[in-house]
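Shown next, in structure tokens, is the structure this report addresses.
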Number of protein chains: 2
Amino acid sequence: MDSDGPARQVRVPIGGAQRGGSGIPGGRRKQRVSMADVARLAGVSSQTVSRVANGHPGVVGATREQVLAAMRELGYRPNSAARALRYGQFNTIGVILFGLSSTGNSRTVEAIATHAAAEGYAITLIPIGIPTQDNVLGAFTRMGELAVDAVIVIIEVHLLDAGTVTLPPDVHVVVVDSDAGDRYSVVDTDQAEGARLAVRHLLDLGHHTVWHVTGPETSFASQRRAQAWRRALEEAGRPVPPPLHGDWSAESGYAAGLALAGEPGCTAVFASNDQMALGLLRALHERGLTVPDDVSVVGFDDIPDASCFIPPLTTVHQDFAEVGRRCVQGVLRQIREGGAARPGTDLVPVRLVVRDSTAPPRTRA
Amino acid sequence: MDSDGPARQVRVPIGGAQRGGSGIPGGRRKQRVSMADVARLAGVSSQTVSRVANGHPGVVGATREQVLAAMRELGYRPNSAARALRYGQFNTIGVILFGLSSTGNSRTVEAIATHAAAEGYAITLIPIGIPTQDNVLGAFTRMGELAVDAVIVIIEVHLLDAGTVTLPPDVHVVVVDSDAGDRYSVVDTDQAEGARLAVRHLLDLGHHTVWHVTGPETSFASQRRAQAWRRALEEAGRPVPPPLHGDWSAESGYAAGLALAGEPGCTAVFASNDQMALGLLRALHERGLTVPDDVSVVGFDDIPDASCFIPPLTTVHQDFAEVGRRCVQGVLRQIREGGAARPGTDLVPVRLVVRDSTAPPRTRA
DNA sequence: CGCTGTCGTGTTTACGTGAACATCACGAGC
DNA sequence: GCTCGTGATGTTCACGTAAACACGACAGCG
């Protein structure tokens with residue numbers, strides 16, 4: 001099914017699946033090996049098994065060996081539910097999001113999962129299909145029942161604001177992509193700086209002004225980029241062309257590109273993400289305009305494919321891995337220090353990657 | 001564990017906790033509200049609270065209301081650890097994968113998460129970062145301790161070692177992208193049919209033969225596609241050009257494209273995924289070759305961007321959502337029927353999406 | 001009027017684990 | 001030889017929930 005992804009080699013038999021539920025219908029009933037079983041076989045108490053299982057000192061070599069042998073023989077595995085109940089924590093972080101379809105989300109989640117795993121935490125995904133407030137509230141409610149110690153929210157938080165969202169007080173939260181830094185602990189890419197870099201780059205090349213294709217209005221990232229684009233133009237004393245509205249998709253970028261192709265004064269475009277830039281490139285190409293000679297294009301994200309666009313795309317590189325890392329870090333700090341969330345915004349720096357889609361302007365007919 | 005008296009010191013950091021309410025100075029309260037607390041406030045037994053919480057019948061209206069009021073007042077939320085311990089199941093499905101970076105993986109996982117959520121299951125991600133055997137083994141070992149009722153493996157199964165790994169017998173498994181249908185329950189896209197469609201399409205257009213850019217050798221999907229490509233050519237009695245090896249990335253497709261540009265006999269190329277096709281398009285374009293006039297290109301996956309490539313890409317559409325859906329379905333069936341995995345392969349159909357990157361051949365100079 | 005069934009609710013118990021405490025054996029110190 | 005300490009191991013208990021069972025009240029019915 002999948003298409004890329006690294007390569008490896010090993011082999012596995014996943015459990016002989018010999019006996020599962022022993023046919024007892026109804027779903028419950030689970031014949032698992034417990035510490036008591038191991039203890040019985042090893043001829044010790046279950047507490048000693050516990051000590052061995054957790055590597056506690058104070059178990060003499062011979063006993064330990066006996067217990068380990070019994071564990072192996074029975075295929076003992078600790079029961080995480082019992083453990084969680086005992087300790088009051090799950091070693092799991094919940095991630096609330098709309099979908100994995102956007103490049104940014106999936107890469108951020110991947111980084112979150114990786115870093116969390118390194119710290120001994122697992123990730124639970126809570127997808128929210130349709131971005132209605134009810135759904136979001138529902139997810140937060142369910143969250144309380146879910147086996148998670150903390151939550152990372154990858155959703156525009158303003159969707160949560162309207163009503164009375166009350167996060168369970170004992171669940172720690174970090175939010176991505178939001179301006180709610182005054183209330184929550186926020187981690188985000190430095191959208192404004194990225195947009196500023198893109199605009200400055202184009203102006204420095206000699207373009208009189210820069211057009212802009214936005215993302216959906218509901219996205220904070222999109223809003224931020226558009227806002228910074230406008231400010232950068234204003235600060236340079238340049239005219240601000242009317243922004244074109246996209247929805248992150250290449251198709252929407254294509255539509256915008258067709259419109260821009262009809263604007264003779266347009267020599268430079270900043271697209272709010274790489275996909276829309278791709279659509280833009282196609283539209284300009286179809287209309288007989290050459291990039292970068294006739295029109296320069298800058299994207300945002302630096303997806304891996306960007307280097308193979310025609311022409312290779314100049315774009316703002318986002319460090320999704322770093323965003324994920326900081327989310328995990330922030331959440332773990334809250335868990336460990338036991339305190340409440342520290343409001344504040346943690347900005348991850350960006351950098352401009354210059355490729356072949358930008359050049360000094362050439363006067364168009 | 002009431003608030004009075006010196007709270008027992010707990011060594012392990014307690015998830016959540018502390019901030020609960022009515023700040024008792026210095027009092028580290030272990031704060032989760034339990035059924036007992038609700039019961040006390042409502043003046044009933046905890047069993048009655050349990051009945052109300054689970055919507056069991058046999059609780060008279062007035063009592064129910066009282067309990068609900070107490071729940072609201074205290075902000076009661078059921079403890080899923082205790083529940084899991086009691087029931088012996090977690091309502092959670094684990095997903096083992098290498099990464100979310102590939103289009104296929106992330107979209108499949110998204111579909112899995114969505115469908116699982118609809119059935120009341122949460123998804124736990126178990127990423128395997130580095131492709132060493134130890135890591136894979138580790139993940140399977142941890143799996144046993146993880147709070148999951150079943151596992152979906154999105155990894156070439158032959159990567160896992162048969163030797164030491166034993167997945168707990170009471171964990172149900174569905175595997176994606178594998179040929180292990182004889183041992184496991186496998187769900188996969190119909191890779192062979194997809195590749196066949198691609199080749200047939202090109203041959204039907206009049207191309208004498210079709211070149212192929214593969215994915216990594218370790219990928220099952222890639223192997224299948226290459227194999228089906230070869231067979232389709234052989235069945236048509238056409239020569240089989242030497243395959244070019246890529247790694248799913250656009251860059252690798254670009255490299256392959258540069259090589260193919262030097263093959264005058266090459267008029268049609270089937271790339272094993274869309275990203276490599278993108279690289280191919282760029283390389284051909286740079287070498288002054290026109291697609292589809294000089295060379296026809298077909299991809300695989302039908303990523304959303306493919307319609308905005310230059311030119312829009314003819315490609316094989318994979319239904320990732322359906323793959324995810326069937327995975328969840330398969331795993332839930334195993335959980336509910338309580339039986340072992342049913343070996344067998346469940347193929348999700350594909351379809352060819354014809355766009356502008358393919359055309360009848362034109363003799364090249 | 002008493003027997004019995006039903007309904008609403010309380011009590012007991014077990015799920016698997018691990019901290020706290022109890023016990024036991026053995027050797028050192030007096 | 002007796003106490004005392006120390007280290008290894010066993011016993012008790014609580015974590016929060018919910019099934020199983022127990023109990024009391026009340027209605028139907030003879």
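Treat the numbers as computed from the prediction; the structure is a model and nothing was measured. Here is how names work: the chains are called A, B, and so on, in the same order as the sequence lines, proteins then strands, and each is numbered from 1.
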Query raised in the report: Mind checking what makes side chain to side chain contact (heavy atoms under 4.5 Å, CB included) contact with B/S46, not counting sequence neighbours?
Result: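 By the side chain to side chain contact (heavy atoms under 4.5 Å, CB included) rule, B/S46 matches B/M35, B/A39.
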Requested in this report: Taking all non-hydrogen atoms of both residues into account, name the closest pair between A/S34 and A/Y76 and its distance.
Outcome: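 A/S34 and A/Y76 have their closest heavy atoms at C-CE1, 3.8 Å.
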Query raised in the report: Which is true for A/S50 with a 4.0 Å heavy-atom rule: it touches a base, it touches only sugar-phosphate, or it touches nothing?
Result: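 The residue A/S50 makes base contact.
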Requested in this report: Test B/L125 against B/L100 for side-chain contact (heavy atoms from CB on, under 4.5 Å), laying out the working first.
Outcome: CA-CA 10 Å; B/L125 247 42; B/L100 247 23; 4.1 Å; yes
Query raised in the report: Can you pull the salt bridge (charged side-chain N to carboxylate O under 4.0 Å, His left out) pairs that have at least one residue in residues 38-52 of chain A, sequence neighbours excluded?
Result: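 Qualifying pairs, neighbours excluded: A/D37-A/R40.
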Query raised in the report: Are the side chain of B/N91 and the backbone N or O of B/Y121 linked by a donor-acceptor pair below 3.5 Å?
Result: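 No, because the side chain of B/N91 does not come within donor-acceptor range (under 3.5 Å) of the backbone of B/Y121.
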Does [N] have OP1 or OP2 sitting under 4.0 Å from an N or O in the side chain of [X]?
X     : N      : value
A/Y76 : C/dT17 : yes
A/N79 : C/dC15 : no
A/R86 : C/dG16 : no
A/Y87 : C/dT17 : no

Query - 5′-ward residue of the pair A/N54/B/A82 relative to DNA chain C - result: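 Taking each residue's closest nucleotide, the earlier one in sequence belongs to B/A82.
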Can you check the [X] [atom1] to [N] [atom2] distance for me, whole Å?
X     : N      : atom1 : atom2 : answer
B/M35 : D/dC15 : CE    : P     : 15 Å
A/E65 : D/dA8  : CD    : P     : 15 Å
A/N91 : C/dT17 : CG    : C1'   : 15 Å
A/L85 : C/dA19 : CG    : C1'   : 14 Å
B/M71 : D/dT17 : CE    : C1'   : 12 Å
A/D37 : C/dT17 : CG    : C1'   : 13 Å

Interface polar pairs with nucleotides 9-11 of chain C, N/O, under 3.5 angstrom:
| residue | atom | partner | partner atom | Å |
| --- | --- | --- | --- | --- |
| C/dT9 | OP1 | B/T63 | OG1 | 2.3 |
| C/dT9 | OP2 | B/V60 | N | 2.9 |
| C/dG10 | OP2 | B/S45 | N | 2.8 |
| C/dG10 | OP2 | B/S45 | OG | 3.1 |
| C/dG10 | OP2 | B/T48 | OG1 | 2.8 |
| C/dG10 | N7 | B/R51 | NH2 | 3.0 |

Query raised in the report: Looking at the side chain of B/H56, which of D/dT17, D/dA19, D/dC15 is the nearest nucleotide?
Result: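 In terms of side-chain proximity for B/H56, the closest of D/dT17, D/dA19, D/dC15 is D/dA19.
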For residues 323-332 of chain A, run the donor-acceptor check on the side chains, cut-off 3.5 Å, and write out each pair with its distance to 0.1 Å, sequence neighbours left out.
| residue | atom | partner | partner atom | Å |
| --- | --- | --- | --- | --- |
| A/R325 | NE | A/E322 | OE1 | 3.1 |
| A/R325 | NH1 | A/Q329 | OE1 | 2.8 |
| A/R325 | NH2 | A/E322 | OE2 | 2.9 |
| A/R326 | NE | A/E322 | OE2 | 2.6 |
| A/R326 | NH1 | A/D346 | OD1 | 2.8 |
| A/R326 | NH1 | A/L347 | O | 3.1 |
| A/R326 | NH2 | A/E322 | OE2 | 3.3 |

**Report entry** Global bending angle along the helix from C/dC1-D/dG30 to C/dC30-D/dG1, which compares the axes of five pairs at either end, to 10 degrees
**Finding:**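 What I find for the helix from C/dC1-D/dG30 to C/dC30-D/dG1 is an axis angle of 60°.
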Query raised in the report: Would you say the side chain of A/I112 lies within less than 4.5 Å of the side chain of A/I154, judging by non-hydrogen atoms?
Result: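 With C-beta onward as the side chain, the pair touches.
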Report task. Can you sort out the partners of A/E119 under salt bridge (charged side-chain N to carboxylate O under 4.0 Å, His left out), two or more places apart, ordered by chain and number? Result ->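 Once residues adjacent in sequence are excluded, the partners of A/E119 under the salt bridge (charged side-chain N to carboxylate O under 4.0 Å, His left out) criterion are A/R336.
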Report task. State whether a side-chain donor-acceptor pair under 3.5 Å links A/R83 with A/N54. Result ->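 Side-chain D/A pair, A/R83 to A/N54: present.
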